[in-house]
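A, B, ... follow the sequence lines: proteins, then strands. Residue 1 opens every chain.
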Number of protein chains: 2
Amino acid sequence: MPFKVGDKWSWLILRCLEAGPRRFSELKVPLRGITAKVLAQSLRALERDGLLTRTEFEENPPRVEYELTALGHSLFGPMDAVCAWAREHLGQVDAARARAEAAG
Amino acid sequence: MPFKVGDKWSWLILRCLEAGPRRFSELKVPLRGITAKVLAQSLRALERDGLLTRTEFEENPPRVEYELTALGHSLFGPMDAVCAWAREHLGQVDAARARAEAAG
DNA sequence: CCGGATCCACTTAGATACTG
DNA sequence: CAGTATCTAAGTGGATCCGG
């Protein structure tokens, strides 16, 4: 892929936005362990590629909302195909690894 | 994904094996630019995860063949879904990036 | 609240040289 | 032919501190 959906967090971020717009801190919580820097970084990249929009509200305290674009939503089709594969076959992968571990 | 199909080469390697078994040097050619080290590394990882098999022939000169397992073949379903998405939408991603670039 | 700036640790891959 | 060994370069993510 020419853009970053293969990295550590982007996939999860998109999932967190599937049900509707979320603000920065609402994303940080479910993505346990992500730092603010990396979250901001990832969001900028996804925005740059047109998968989500960033809306800044002129309030106090400040509020920023992220929302999927139609393009972003269209990714869930292939993503679900991969997830389905994982559900069906990941046990086989783990088993193969266990055998390799035992042999090797 | 818990295993490496998201890295730089694994996806391409699997594609090169789609039509049937190939030997080491037959993989190196179409994967232009891959080094022997990285190819060997990737193949070992894919073998470890049960996606392909490695068969060493006791000949001279030596010959080693790599072949997809049923599990490996089963990956093409979701892979094709992602490729179809890319064909349909990658233009939009590029356009978004060009706009972001222009905007600064 | 939403990050940017800086520094650091780790992983990957490329280059090169060598071997059974 | 089919790798391994070693070194280096680059990218990515984490930790911490600081600012609008």
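As a whole-Å value, the separation of A/Glu65 CD from C/dC1 C1' is 13 Å. One can place CZ of A/Arg32 at 14 Å from P of D/dG14, the figure rounded to the nearest angstrom. Separating the CZ atom of A/Arg22 from the P atom of C/dC1 is a distance of 17 Å, rounded to the nearest angstrom. Rounded to whole Å, the distance from CD1 on A/Ile13 to P on C/dG3 is 12 Å. Following rounding to the nearest Å, A/Lys28 (NZ) and C/dC2 (P) show an atom-to-atom distance of 10 Å. In this structure, CD of A/Glu56 is placed 8 Å from C1' of C/dC2, rounded to the nearest angstrom. The distance from atom CG of A/Leu43 to atom P of D/dG13 is 13 Å, rounded to the nearest whole Å. As rounded to whole Å, 14 Å separates atom C1' of D/dG13 from atom CG of A/Leu12.
Side chains of A/Leu68 and A/Phe76 form a contact here, defined as non-hydrogen atoms less than 4.5 Å apart. A 4.5 Å side-chain heavy-atom check between B/Glu56 and B/Glu65 finds every atom pair outside the cut-off.
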Donor-acceptor pairs under 3.5 Å, side chain of residues 18-40 of chain B to any protein atom, not counting sequence neighbours: which ones?
{"residue": "B/Glu18", "atom": "OE1", "partner": "B/Arg15", "partner atom": "NH1", "Å": "3.1"}
{"residue": "B/Glu26", "atom": "OE1", "partner": "B/Arg23", "partner atom": "N", "Å": "2.8"}
{"residue": "B/Thr35", "atom": "OG1", "partner": "B/Val38", "partner atom": "N", "Å": "3.4"}

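Taken together through direct or relayed side-chain contacts under 4.5 Å among Ile, Leu, Val, Met, Phe, Trp and Tyr, B/Phe57 and B/Leu52 form parts of separate hydrophobic clusters.
B/Thr55 contributes atom OG1, which lies 9.5 Å from atom OH of B/Tyr66 (distance to the nearest 0.5 angstrom). Atom CG of A/Asn60 and atom CD of A/Glu58 lie 10.5 Å apart (nearest 0.5 Å).
Nearest nucleotide to the side chain of A/Arg23, out of D/dG3, D/dC1, C/dC2: C/dC2. When the nucleotides D/dC1, D/dA2, C/dG3 are ranked by their closest atom to the side chain of B/Ser25, D/dA2 comes out on top.
Under 4.0 angstrom from either OP1 or OP2 of C/dC2 there lies no side-chain N or O belonging to A/Tyr66. For B/Arg44, a side-chain nitrogen or oxygen approaches OP1 or OP2 of D/dG3 to under 4.0 Å.
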Original post:
How does protein reach along nucleotides 9-20 of chain C, written 5' to 3' as B (base within reach of a heavy atom under 4.0 Å), S (only sugar-phosphate), or - (no contact)?
Top reply: ---SBBB----B
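Judged by distance alone, with hydrogens and angles left aside, the side-chain atoms of B/Ser42 form no donor-acceptor pair with the main-chain N or O of B/Trp9 at under 3.5 Å. Formation of a donor-acceptor pair under 3.5 Å by the B/Trp85 side chain with backbone atoms of A/Ser74 is found in this model.
Counting non-hydrogen atoms under 4.0 angstrom, B/Phe57 reaches nothing in the nucleic acid.
Over its full length, the helix from C/dC1-D/dG20 to C/dG20-D/dC1 turns its helical axis through 50°, comparing axes from the five pairs at each end and rounding to 10°.
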Original post:
Does the salt bridge (charged side-chain N to carboxylate O under 4.0 Å, His left out) test come out yes or no for A/Glu101 and A/Arg99, once each step is laid out?
Top reply: CA-CA 5 Å; A/Glu101 182 84 11; A/Arg99 278 192 302 276; over 6 Å; no
